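Data first, discussion second: the structure below is written as structure tokens.
Nothing here was measured: the structure is a model prediction, and the numbers come from that model. All chains are named by letter (A, B, ...) in the order of the sequence lines, taking the proteins before the strands, and each is independently numbered beginning at 1.
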Protein chains: 4
Amino acid sequence: MAGPASIARDQLRSIIERIEKLEEEKQAIAGDIKEVYGEAKANGFDAKTLRQIVRIRKLDSAERQEQEALLDVYMLALGMIADPEG
Amino acid sequence: MAGPASIARDQLRSIIERIEKLEEEKQAIAGDIKEVYGEAKANGFDAKTLRQIVRIRKLDSAERQEQEALLDVYMLALGMIADPEG
Amino acid sequence: MAGPASIARDQLRSIIERIEKLEEEKQAIAGDIKEVYGEAKANGFDAKTLRQIVRIRKLDSAERQEQEALLDVYMLALGMIADPEG
Amino acid sequence: MAGPASIARDQLRSIIERIEKLEEEKQAIAGDIKEVYGEAKANGFDAKTLRQIVRIRKLDSAERQEQEALLDVYMLALGMIADPEG
DNA sequence: TCGCCTGATAGTTGCC
DNA sequence: GGCAACTATCAGGCGA
């Protein structure tokens with residue numbers, strides 16, 4: 001008989017399968033990244049330095065975003081812009 | 001003048017960009033996974049338990065692969081299959 | 001009789017106790033930090049903004065350090081400084 | 001001119017500095033803890049197991065506190081102790 | 001006050 | 001086989 005339990009079971013199965021599929025994709029991309037580093041190394045680039053560059057660019061971008069957010073906070077506090085929360 | 005330095009620079013740029021693009025994709029998928037857990041939770045499933053299930057299934061699958069690899073070793077030793085290394 | 005086992009046991013006890021003591025201290029400091037935010041709030045400062053400032057200053061400092069480390073890497077690569085690894 | 005703004009500014013500076021100092025101390029202690037684990041490892045102890053012991057002891061202690069709190073509730077209900085809420 | 005979400009911490013894997 | 005990068009889990013802070 002197909003009662004509520006089987007519905008829940010099907011939902012569960014679906015959830016697990018979706019997650020597992022997404023994790024596989026994620027792993028695949030992680031593999032691609034590793035490959036790029038490998039290629040780079042084969043072309044004479046130092047992986048550690050490359051990672052540092054990537055990391056610092058991420059920091060840059062994070063800081064820029066924070067700076068802008070902080071600016072909004074100040075401007076909001078000073079009544080220079082409208083409250084985005086309306 | 002377009003000497004070796006500019007070639008290296010272009011290569012470097014290309015490497016960094018490929019990595020950053022892949023990392024973005026990876027992050028996007030991580031976001032998708034989080035969404036699935038969120039949905040699941042909204043449907044009454046417990047995220048922590050779901051994570052355990054996923055983890056266990058991954059272990060199971062790893063074990064199964066080990067098991068199969070071992071079987072191959074035995075079958076190879078017994079001359080039941082051909083040496084894959086040629 | 002006081003054999004090797006008891007020595008190991010005493011060592012273990014000592015390790016655990018040192019860790020637990022340090023973790024307590026860490027918790028105490030976390031409590032102090034929370035207090036400072038509480039005080040600040042009582043004086044009309046917004047905790048969220050304060051946290052953002054602290055975070056951005058940390059990012060600044062992290063980036064500066066990374067920048068310097070990266071500079072060293074480049075200079076080393078260009079033979080402009082000696083290898084610190086000797 | 002030293003008006004209210006400068007007072008707020010000094011307060012702000014003081015708050016930020018106190019927080020940053022406390023966070024540094026917290027980090028220093030985290031480093032000490034890591035060192036203890038390192039030492040322990042050098043003496044043949046397994047860090048992962050040590051962490052488990054610490055975690056279990058923390059749980060135990062939390063349980064014990066719960067137990068004591070519960071005991072107080074019972075004793076209070078039986079008129080064996082005075083109401084701490086006055 | 002409760003649920004969510006980001007940041008801290010623990011564990012794992014891959015490199016040297 | 002040790003160490004460092006990456007991933008996954010967990011807890012504390014924020015908003016509703």
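Note that CD1 of Ile15(B) and CZ of Arg13(B) are 12.0 Å apart. Values are rounded to the nearest 0.5 Å. A distance of 9.0 Å separates CD1 in Ile29(B) from NZ in Lys21(A), rounded to the nearest 0.5 Å.
Using a 4.0 Å heavy-atom distance criterion, Lys26(D) is classed as making no nucleic acid contact. Nucleic acid contact class of Arg55(D) (heavy atoms, under 4.0 Å, all strands): sugar-phosphate only.
Along DNA chain E, the nucleotide nearest to Glu66(A) and the one nearest to Arg51(D) differ in position, and the one closer to the 5' end is contacted by Glu66(A).
Atom-to-atom, CD1 of Ile19(C) to C1' of dA10(E) comes out at 13 Å; the value is rounded to the nearest Å. Between Leu50(A) atom CG and dA5(F) atom C1' there is a gap of 15 Å when expressed in whole angstrom units. Atom pair Leu22(A):CG and dA8(F):P shows a separation of 12 Å (rounding to whole Å applied). As rounded to whole Å, 13 Å separates atom C1' of dA5(F) from atom CD of Gln52(A). Rounded to an integer number of Å, the gap from CG of Leu59(B) to P of dT12(E) is 10 Å. Regarding Lys58(C), its NZ atom lies at a distance of 10 Å from the P atom of dG7(E), rounded to whole Å. A straight line from CD of Glu23(D) to C1' of dG13(F) spans 13 Å, rounded to a whole angstrom.
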Self-check item: Check against side-chain contact (heavy atoms from CB on, under 4.5 Å), Phe45(A) and Gln11(B)
Solution: CA-CA 10 Å; Phe45(A) 292 95; Gln11(B) 264 192 325; 3.4 Å; yes
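Salt bridge annotation for Lys34(A)-Glu39(A): absent, with no cationic side-chain nitrogen under 4.0 angstrom from a carboxylate oxygen. Classification of Lys26(A) and Glu25(B) as a salt-bridged pair fails, no side-chain N sitting under 4.0 Å from a carboxylate O.
Near DNA chain E, meaning a heavy atom under 4.0 Å away, the residues from residues 31-47 of chain A are Lys34(A), Lys41(A).
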With a 3.5 Å cut-off and sequence neighbours excluded, list the donor-acceptor pairs that the side chains of residues 47-57 of chain B form with protein atoms.
unit_1   : atom_1 : unit_2   : atom_2 : d
Thr49(B) : OG1    : Asp46(B) : OD2    : 2.6
Arg57(B) : NE     : Glu20(A) : OE2    : 2.6
Arg57(B) : NH2    : Glu20(A) : OE1    : 3.0

